[in-house]
Amino acid sequence: KQEVTQIPAALSVPEGENLVLNCSFTDSAIYNLQWFRQDPGKGLTSLLLIQSSQREQTSGRLNASLDKSSGRSTLYIAASQPGDSATYLCAVIYNQGGKLIFGQGTELSVKP
Amino acid sequence: DTEVTQTPKHLVMGMTNKKSLKCEQHMGHRAMYWYKQKAKKPPELMFVYSYEKLSINESVPSRFSPECPNSSLLNLHLHALQPEDSALYLCASSQTPLPIQQYFGPGTRLTVT
């Protein structure tokens with residue numbers, strides 16, 4: 001079964017900390033992996049997209065890595081800020097099926 | 001223009017009402033999607049339109065009826081909904097059909113009373 005798992009489900013950190021969110025997937029035959037941010041009651045904002053041939057992508061304070069052989073991706077957030085508080089969703093498109101499969105999300109709270 | 005727009009932002013409807021949700025994109029994308037998201041859960045795919053034709057229906061009840069009048073517009077017609085249908089309804093589009101990066105709209109918050 002094609003699944004995506006995110007750990008932890010919730011995370012609370014003080015402002016300024018560097019942090020890592022984890023995502024694992026069950027099948028290495030993926031087309032791409034995408035990290036989204038979702039604020040309460042709002043839509044999804046795409047943060048980073050990693051194609052299956054890539055190892056990482058960076059945007060500002062965010063860095064996402066992809067290791068297909070181990071079925072894992074991490075989202076690294078440097079120098080966290082209260083404005084980073086949101087739910088972060090990892091989503092995978094598998095080669096077979098082609099649908100976007102979401103993890104359950106990590107709810108991040110950054111305390112001032 | 002890299003935006004997907006959705007109207008209305010909020011909708012409250014009774015179980016006997018008929019209403020519609022609207023989604024629009026002007027990026028020239030040829031695939032459009034409807035997702036349903038319950039609180040504290042990830043989005044669930046409902047329908048996929050590819051080149052204005054319905055290509056995927058994820059066994060959604062017939063009280064939800066999608067429509068794609070043209071390549072820029074996607075509607076979701078609602079009729080005889082149940083309170084458990086209350087959720088955030090998200091629209092997305094992509095340049096071509098799956099698998100490829102999807103762009104999401106802000107969603108419509110639907111409450112069924």
Side-chain angles (χ1 to χ4, degrees), chain A residues 2-11 21 23-25 27 29-54 57 59 64 66 68 86-109, chain B residues 2-11 21-25 27 29-50 55-60 86-111:
Chain A
Q2 295 173 335
E3 293 183 340
V4 177
T5 304
Q6 290 187 246
I7 295 173
L11 181 64
L21 307 181
C23 173
S24 60
F25 43 94
D27 185 349
I30 69 169
Y31 187 80
N32 63 41
L33 182 146
Q34 202 165 355
W35 283 94
F36 292 92
R37 170 187 171 138
Q38 186 172 32
D39 293 292
K42 305 292 186 183
L44 275 63
T45 300
S46 179
L47 297 173
L48 291 165
L49 172 75
I50 311 178
Q51 301 289 356
S52 63
S53 58
Q54 297 174 320
Q57 282 286 340
S59 176
L66 174 64
K68 285 197 304 178
T87 295
Y88 290 81
L89 290 158
C90 170
V92 170
I93 294 183
Y94 288 99
N95 288 342
Q96 189 169 8
K99 299 175 191 174
L100 202 55
I101 308 293
F102 286 90
Q104 295 291 315
T106 293
E107 188 173 355
L108 173 66
S109 175
Chain B
T2 58
E3 191 178 19
V4 176
T5 59
Q6 290 187 244
T7 54
K9 289 185 178 159
H10 302 277
L11 179 62
L21 310 184
K22 179 180 171 181
C23 172
E24 205 160 2
Q25 57 86 15
M27 295 179 277
H29 289 178
R30 302 309 303 272
M32 296 185 78
Y33 312 79
W34 279 116
Y35 289 83
K36 173 182 177 180
Q37 186 179 25
K38 301 283 280 184
K40 303 287 188 181
K41 296 290 185 183
E44 298 175 352
L45 183 65
M46 299 175 71
F47 303 104
V48 180
Y49 269 84
S50 172
S55 60
I56 295 177
N57 177 341
E58 292 288 289
S59 303
V60 178
S86 299
L88 181 69
Y89 288 84
L90 295 163
C91 174
S93 70
S94 62
Q95 192 168 16
T96 56
L98 303 163
I100 196 166
Q101 182 177 4
Q102 295 176 28
Y103 297 82
F104 282 80
T108 293
R109 171 70 60 189
L110 174 67
T111 303

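In what follows, every chain begins at residue 1, and chains take the letters A, B, ... in the order their sequences are listed.
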**Q** Are B/Phe104 and A/Thr45 side-chain neighbours, meaning at least one heavy-atom pair lies under 4.5 Å?
**A** no

**Q** So what's closer than 4.5 Å to chain B heavy atoms on A/Leu44: side chain, backbone, both or neither?
**A** both

**Q** Looking at every heavy atom in both B/Pro42 and A/Gln104, which two are closest together, and how far apart are they?
**A** CD-OE1, 3.4 Å

**Q** Would you compute the distance between atom OG of B/Ser94 and atom CD1 of A/Ile93 and round it to the nearest 0.5 angstrom?
**A** 8.0 Å

**Q** How long is the gap from CG on A/Leu49 to CD on B/Gln102, to the nearest 0.5 Å?
**A** 11.0 Å

**Q** Got a sec: does the CD of A/Glu107 have more than 12 other heavy atoms crowding it under 6.0 Å?
**A** no

**Q** B/Leu88 and A/Gln38: side chain to side chain contact (heavy atoms under 4.5 Å, CB included), yes or no, with the steps?
**A** CA-CA 12 Å; B/Leu88 181 69; A/Gln38 186 172 32; 3.8 Å; yes

**Q** Of all the heavy-atom pairs spanning A/Asn32 and B/Gln101, show the shortest one and how long it is.
**A** ND2-N, 4.3 Å

**Q** Heavy-atom distances under 4.5 Å only: say whether B/Glu44 touches chain A with side chain, backbone, both or neither.
**A** neither

**Q** May I have the step-by-step check of side chain to side chain contact (heavy atoms under 4.5 Å, CB included) for A/Lys99 and B/Ile56, ending in yes or no?
**A** CA-CA 10 Å; A/Lys99 299 175 191 174; B/Ile56 295 177; 4.1 Å; yes

**Q** With a cut-off of 6.0 Å (strictly less than), are more than 12 heavy atoms of other residues, nucleotides or ligands near CD of B/Glu58?
**A** yes

**Q** Kindly check if the number of other-residue, nucleotide or ligand heavy atoms within 6.0 Å of NZ (B/Lys41) is above 12?
**A** no

**Q** Can you tell which part of A/Gln51 gets under 4.5 Å to a heavy atom of chain B, answering side chain, backbone, both or neither?
**A** neither

**Q** With rounding to the nearest 0.5 angstrom, report the CD to CZ distance, B/Gln37 to A/Phe102.
**A** 8.0 Å

